[in-house]
Amino acid sequence: MTATAQTETEIHGNYINGEWAPAASGETFENRSPADTSDLVGRFAASAKEDVERAVAAAAEAAEGWRQTSPIARANILHKAAEILAGRQAEIGRELTREEGKTLKEGIGETGRAVQILRYFAGEAQQPSGEHYPSMNPLTLLYTLREPLGVVALITPWNFPIAIPAWKMAPALAFGNTVVFKPASLTPLCAVRLTQALADAGLPPGVLNLVTGGASAVGDPLVRDPRVAGISFTGSNAVGAELRKLAAETGAKLQLELGGKNPAIVLADADLDHALTHVVAGAMMSTGQKCTATSRAIVDRRVAAQFTRDLTDRIGALKVGDPLATETQIGPAVSAEAADRIVADVAAAKGDGALLVGGDRLRANGHGRGHFVAPTLFGDVDPESTLGQEELFGPVLGVIPVDGLDEALAVANRVRFGLSASLFTRDLGTALAFVRGIQAGIVHVNSETAGAEPHVPFGGMKGSSSYSREQGKAAREFFTQTKTVYVDPPPG
Ligand code: NAP
């Protein structure tokens, strides 16, 4: 292994204490494209507890120096990393598509999003970080400071393999924390590329450490390490529930961003063609594998039959195939397991609604080289059924007919999730009633559930999060703690 991330044999190391190095065991795992399993994306360090311990030790060692580094100096490094990443955007976007399977446009777009996030938090590092208060004693200087937590563990999913790590890492570093980053096993190359940009920008050794490998071999020892003061996790509700219990024992500050069952409500007065475009995009882009994907179209009964017929036509006509090809609209599921699970869930849901299109694994016309699933639509879905309640995390949409906004809101809210939601209407009063009544952290009127800009808070209500928010100014809340300072003049 050389001092770069990649050798001639395409083996990518961990990044610990400023050096790229193999796992202590020398073990590796391979990563293949979900669109074509003959495409070997790379081999990566299959790390274990001792690698995690080295990474946490390096982060702990670097913590005081980084905490004391001027926020302006930290900002300069983030700016430089943004420029480096921007220069590599096309190449990394292509790698993202090979590794994760979303279309090339989405892969390049997501890489651009990571650039934007780094730039935003370079700016945030230079914003005021405390408050000045009046005191009972008029001579007392009374103010607050926001200080870093120390070592933070960042654990990320595969579905936004560069944007989500960036939106955790950029604020963690900007506000003075040191980081141990464990990416999803399905998308380690994007993690290597993001880490490489920050390393090339001049981050001091130990400030950012990347450890690749599995959930039990790397994730588990990392979250249990008593030197870890904060854990920011994005992923499934099942793992989130385990982390809640664990953090209650260790005392680590915990941030969870979890699943969704996001509704798009279409009322009879909506521009139906506009709603159709946004509902299809929200449900199907990135193969429906977005936490904010639309999975329920809650449609006014007066227009439901026509809207469902139009949805069937549009969804049936989507071009599924090689995500690197410009004409492709929908790529593969991320893995064979994901594709099999989606198809099994669809088969199990046949009593929950009427299957109108899709539902199968695609194998003809070259699809057999990867993990392709046909975009799927159910009509007349029972809102209380599994299909109406649970996240399928694939290209699967269910239509639920309702009578007007009040019933739509009641149905939309009767799930354990509350991540994003949208409403299609031309009526301003109705739109405002929806904004007041919907239980979701991200709310859209006349646009798809999956839109999110990087400079505003992001996160869900109810079971979709731990009540914290990521991105925008909200990120400072999680990645810092408050120190309240009273300074009195000396007597006399
Ligand atoms: P996941 O299985 O929960 O995995 C997420 C990350 O946690 C991966 O890096 C995984 O490692 C690691 N991990 C798993 N078990 C762990 C444990 N016991 N201790 C420590 N780390 C552990 O989720 P996923 O399948 O990657 O992602 C899909 C889910 O993420 C969906 O539910 C989706 O809605 C949600 N999501 C939410 C948001 C949001 O912002 N709300 C955004 C995107 C995705 P391995 O990869 O090695 O298994």
Side-chain angles (χ1 to χ4, degrees), residues 29 31 44-49 52 99-100 102 110 113 153-168 180-188 190-191 210-225 228 231-247 250 252 254-262 286-295 333-335 337-338 341-342 345 390-394 415-420 440-442 449-450 452 454 457-471 474-475 478:
F29 66 98
N31 184 18
F44 297 84
S47 312
K49 192 173 179 193
V52 173
E99 178 173 62
E100 197 270 350
K102 62 184 67 174
E110 185 184 330
R113 170 65 62 105
L154 308 182
I155 301 184
T156 56
W158 46 264
N159 67 331
F160 283 96
I162 200 159
I164 291 179
W167 84 48
K168 293 185 188 299
V180 180
F181 168 33
K182 183 253 177 279
S185 298
L186 289 167
T187 51
C190 288
L210 166 70
V211 188
T212 58
S216 53
V218 174
D220 188 64
L222 176 58
V223 294
R224 286 177 193 280
D225 194 302
V228 169
I231 301 167
S232 179
F233 169 85
T234 298
S236 62
N237 281 65
V239 176
E242 284 175 38
L243 293 181
R244 266 187 227 277
K245 286 188 216 147
L246 185 84
T250 65
L254 180 67
Q255 172 174 57
L256 301 173
E257 293 301 335
L258 308 171
K261 187 71 189 169
N262 311 299
S286 294
T287 321
Q289 300 171 124
K290 292 181 185 175
C291 54
T292 49
T294 307
S295 61
V334 72
S335 65
E337 293 72 26
R341 182 192 46 74
I342 294 164
D345 285 350
E390 295 303 325
E391 183 184 49
L392 262 68
F393 220 56
V415 294
R416 66 188 168 116
F417 301 102
L419 186 50
S420 67
I442 302 159
T449 58
F458 179 96
M461 292 183 175
K462 302 195 288 187
S464 292
S465 109
S466 54
Y467 299 99
S468 62
R469 292 291 180 270
E470 300 196 275
Q471 303 195 77
F478 180 74

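Whatever order the structure lists them in is the order used to number ligands and atoms, beginning at 1. Heavy atoms only: backbone and side chains are in, while hydrogens, waters and symmetry mates are out.
Considering each of Ser420, Gly460, Gly219, Pro221, the one bringing a non-hydrogen atom nearest atom 19 (N) of ligand 1 is Gly219. Heavy-atom proximity to atom 7 (O) of ligand 1, evaluated over Phe233, Phe458, Trp158, Phe417, is greatest for Phe233. Distances from atom 28 (C) of ligand 1 to the heavy atoms of Phe160, Phe181, Phe393 put Phe393 nearest. Of the options Val223, Leu256, Asn159, Thr212, the smallest heavy-atom separation from atom 43 (C) of ligand 1 is shown by Asn159.
Considering backbone and side-chain atoms alike, Asn237 places every N or O at 3.5 Å or more from each N or O of ligand 1. Note: an N/O pair closer than 3.5 Å links Gly235 and ligand 1 by distance alone. When only interatomic distances are considered, the shortest N/O to N/O separation between Thr234 and ligand 1 does not fall below 3.5 Å. The shortest N or O to N or O distance between Glu391 and ligand 1 is under 3.5 Å.
Distances shorter than 4.0 angstrom do not occur between any heavy atom of Gly240 and any atom of ligand 1. Using a 4.0 angstrom heavy-atom cutoff, Gly214 counts as in contact with ligand 1. The closest approach between Pro183 and ligand 1 falls below 4.0 Å for a heavy atom of the residue. Contact between Thr292 and ligand 1 is absent, with no heavy atom of the residue lying under 4.0 Å from the ligand. The closest approach between Leu186 and ligand 1 stays at or above 4.0 Å for every heavy atom of the residue.
Looking only at atom types and distance, the side chain of Ser232 has a donor-acceptor partner in the side chain of Gln255 under 3.5 Å away.
Distances below 4.0 Å separate heavy atoms of Gly213 from the following atoms of ligand 1: 47 (O). Residue contact check: Ile164 has heavy atoms under 4.0 Å from atoms 42 (C), 43 (C) of ligand 1. For ligand 1, the atoms lying closer than 4.0 Å to a non-hydrogen atom of Ile155 are 6 (C), 7 (O), 9 (O), 12 (C), 20 (C), 21 (N). Ligand-side atoms of ligand 1 in range of Glu242: 18 (N), range being under 4.0 angstrom from any heavy atom.
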